[in-house]
Amino acid sequence: MRRSTVLAVAAAAVSLAALVGCEDDKAPTASPTASPTVPATTAGAAPTATPTPTATATPTPTAAAVATTAGGAIDPEKALALAEATPYAATQDFTTEAGPLNSRTKARVNLNGPVRSGRLTESMSAAGGDVAGGSDAPNVVVTGDGTTYVRSGSSWRTSPLGDRVADYHGYAKALLALGPSARTGMEDCDGTPCFHLAGTVGVEQVKPLEAEHYKILKSKGVEGFRLDQWIDAQGRTVRFDRRTDLGGVQIRTRGTFRDFGPVERIDPPR
């Protein structure tokens with residue numbers, strides 16, 4: 001395969017964007033409440049006792065629900081059910097190796113909600129030293145209403161391409177649906193207990209998870225790919241590793257998720 005053809009195929013496979021951090025929304029600080037004024041007493045009248053305020057008990061934070069067996073192992077089915085009901089934000093750090101092309105994507109994404117959103121930064125390099133991106137500034141923003149903005153130079157424009165944030169929860173469910181063979185078992189993910197799911201995902205299963213990626217796979221005649229995915233006791237994806245043969249080019253996308261927290265607000269870029 002000529003280098004130009006390989007580059008064209010690889011470029012189609014490399015993710016167009018990756019999401020990078022956005023600051024947590026900060027709750028407004030409540031205005032201090034003025035101390036109650038004690039009324040003055042009239043001459044000869046006994047002073048009125050000031051009632052002692054009753055202390056309000058501070059609720060003890062409850063631990064996040066987890067899905068583990070009596071022996072401490074993660075139940076992947078129950079864990080995914082927990083995550084499905086709980087949208088969250090995470091920091092994503094991925095690399096894609098595609099023949100002579102390599103890309104690095106960093107992200108802060110909102111997952112499992114009605115709209116997957118976030119901010120991203122990408123960089124790409126090719127054999128021979130060709131580089132695109134390289135800045136730490138976000139070059140793609142997907143807002144909470146699903147609008148995608150792409151930075152071109154110093155300006156931003158909207159993009160018709162959606163699915164810039166994949167449905168990783170959907171991928172884990174697709175693996176679980178493969179049956180017992182996909183349940184590899186418990187492993188350690190840099191100190192976090194995880195359950196390893198693995199198997200071959202059919203291309204038709206990708207359509208509702210990453211529609212644009214599905215179109216690329218379908219156009220190249222790909223029928224399926226190998227996927228390894230690790231989830232924690234709350235059903236959140238911790239590691240992701242996908243390997244695809246795309247027109248003779250071996251594509252591997254892998255990375256991690258960390259710093260989980262509540263869903264964050266993503267505003268349009270300025």
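None of the values given here were measured: they were computed from a predicted structure. Only this structure's heavy atoms are used, side chains among them; waters, hydrogens and symmetry mates stay out.
- Taking 4.5 Å as the limit, every side-chain heavy atom of Thr256 sits out of range of all side-chain heavy atoms of Val238.
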Going through the checks in order, is the salt bridge (charged side-chain N to carboxylate O under 4.0 Å, His left out) test met by Lys215 and Glu210? CA-CA 9 Å; Lys215 292 176 184 177; Glu210 282 186 280; over 6 Å; no

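- With contacts defined as side-chain heavy-atom distances shorter than 4.5 Å, the pair Thr253/Thr95 does not qualify.
- Annotation: side-chain contact (heavy atoms from CB on, under 4.5 Å) contacts of Val115 (sequence neighbours excluded): none.
- For Gly235 against Ala83, the heavy-atom pair with the smallest separation is O-CB, 3.4 Å.
- Comment: Asp241 does not engage Arg239 in a salt bridge, judged by the lack of any side-chain N to carboxylate O separation of less than 4.0 angstrom.
- Checked by atom type and distance alone, the side chain of Thr121 pairs as donor or acceptor with a backbone atom of Ala137 at under 3.5 Å.
- Counting only heavy atoms from C-beta outward, the side chains of Glu97 and Arg254 approach each other to under 4.5 Å.
- Considering CG of Asp232 and OG1 of Thr68, their distance stands at 11.5 Å, rounded to 0.5 Å.
- Residues forming a side-chain contact (heavy atoms from CB on, under 4.5 Å) with Ala172 (at least two apart in sequence, or on another chain): Leu80, Leu197, Gln229, Ile231.
- Take Arg258 and apply the side chain to side chain donor-acceptor pair (under 3.5 Å) test, not counting sequence neighbours, and it matches no residue.
- Side-chain contact check for Leu111 versus Val165: some heavy-atom pair is nearer than 4.5 Å.
- For the pair Arg116 and Asn110, the minimum side-chain heavy-atom distance is 4.5 Å or more.
- Of the possible polar contacts, one joining the Ser219 side chain to the Ile216 backbone as a donor-acceptor pair under 3.5 Å is found.
- Under the side-chain contact (heavy atoms from CB on, under 4.5 Å) criterion, Asp145 pairs with Thr143, Thr147, not counting sequence neighbours.
- With hydrophobic clusters built from ILVMFWY side chains whose heavy atoms lie under 4.5 angstrom apart, Val66 does not share a cluster with Tyr88.
- Taking CZ of Arg243 as the start and CZ of Arg226 as the end, the distance is 6.0 Å to the nearest 0.5 Å.
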side-chain contact (heavy atoms from CB on, under 4.5 Å) assessment of Phe225 paired with Val201: CA-CA 6 Å; Phe225 52 85; Val201 175; 3.9 Å; yes

Could you go step by step and tell me if His169 and Thr237 meet the side-chain contact (heavy atoms from CB on, under 4.5 Å) rule? CA-CA 7 Å; His169 183 75; Thr237 298; 5.9 Å; no

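- Across every non-hydrogen atom of Asp167 and Gly170, the tightest pair is OD1-N, 2.9 Å.
- When the ring-ring contact (aromatic ring centres under 6.0 Å, His included) test is applied to Phe240, the partners found at least two apart in sequence or on another chain are Phe94, Tyr168, Tyr171.
- The list of salt bridge (Lys or Arg N to Asp or Glu O under 4.0 Å) pairs with a residue in residues 67-89, not counting sequence neighbours, reads Glu84-Lys173.
- A continuous path of hydrophobic side-chain contacts links Ile251 to Tyr214 [ILVMFWY only; heavy atoms under 4.5 Å].
- When all heavy atoms of Ala198 and Leu175 are compared, the pair lying nearest together is C-CD2, 3.8 Å.
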Kindly determine whether Gln92 and Arg108 satisfy side-chain contact (heavy atoms from CB on, under 4.5 Å), including the steps that lead there. CA-CA 6 Å; Gln92 177 186 17; Arg108 185 69 179 172; over 6 Å; no

Between Ser159 and Arg164, is a side-chain contact (heavy atoms from CB on, under 4.5 Å) present by the stated rule, with each step listed? CA-CA 10 Å; Ser159 170; Arg164 306 304 284 268; 3.9 Å; yes

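- Shown here are the salt bridge (Lys or Arg N to Asp or Glu O under 4.0 Å) partners of Lys218, two or more places apart in sequence or in another chain: Glu204.
- No side-chain heavy atom of Gln234 sits less than 4.5 Å from a side-chain heavy atom of Thr86.
- In this structure, the side-chain contact (heavy atoms from CB on, under 4.5 Å) partners of Val222, at least two apart in sequence or on a different chain, are Leu217, Lys220, Thr244, Leu246.
- From Glu212, atom CD reaches atom CG of Leu161 across 4.5 Å, with rounding to the nearest 0.5 Å.
- Counting only distance, with no hydrogens or angles, the side chain of Arg151 and the backbone of Pro138 share a donor-acceptor pair below 3.5 Å.
- Under the salt bridge (Lys or Arg N to Asp or Glu O under 4.0 Å) criterion, Asp93 pairs with Arg104, sequence neighbours left out.
- When all heavy atoms of Val141 and Trp156 are compared, the pair lying nearest together is CG2-CH2, 3.9 Å.
- Nearest heavy-atom pair, Ile266 versus Ser117, reported as atom, atom and distance to 0.1 Å: CG1-OG, 3.8 Å.
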Using distance only, find each side-chain donor-acceptor pair of residues 177-196 under 3.5 Å and give its atom names and separation, not counting sequence neighbours.
| unit_1 | atom_1 | unit_2 | atom_2 | d |
| --- | --- | --- | --- | --- |
| Glu187 | OE1 | Trp230 | NE1 | 2.9 |
| Glu187 | OE2 | His196 | ND1 | 2.7 |
| Asp188 | OD1 | Gly191 | N | 3.3 |
| Asp188 | OD2 | Asp190 | N | 3.4 |
| Asp188 | OD2 | Gly191 | N | 3.0 |
| His196 | NE2 | Asp228 | OD2 | 2.8 |

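- Shown here for Leu101 and Ala126, the closest heavy-atom pair between the two residues is CD2-CB, 3.3 Å.
- Phe260 is connected to Ile74 through a chain of hydrophobic side-chain contacts under 4.5 Å among Ile, Leu, Val, Met, Phe, Trp and Tyr, so both are in one cluster.
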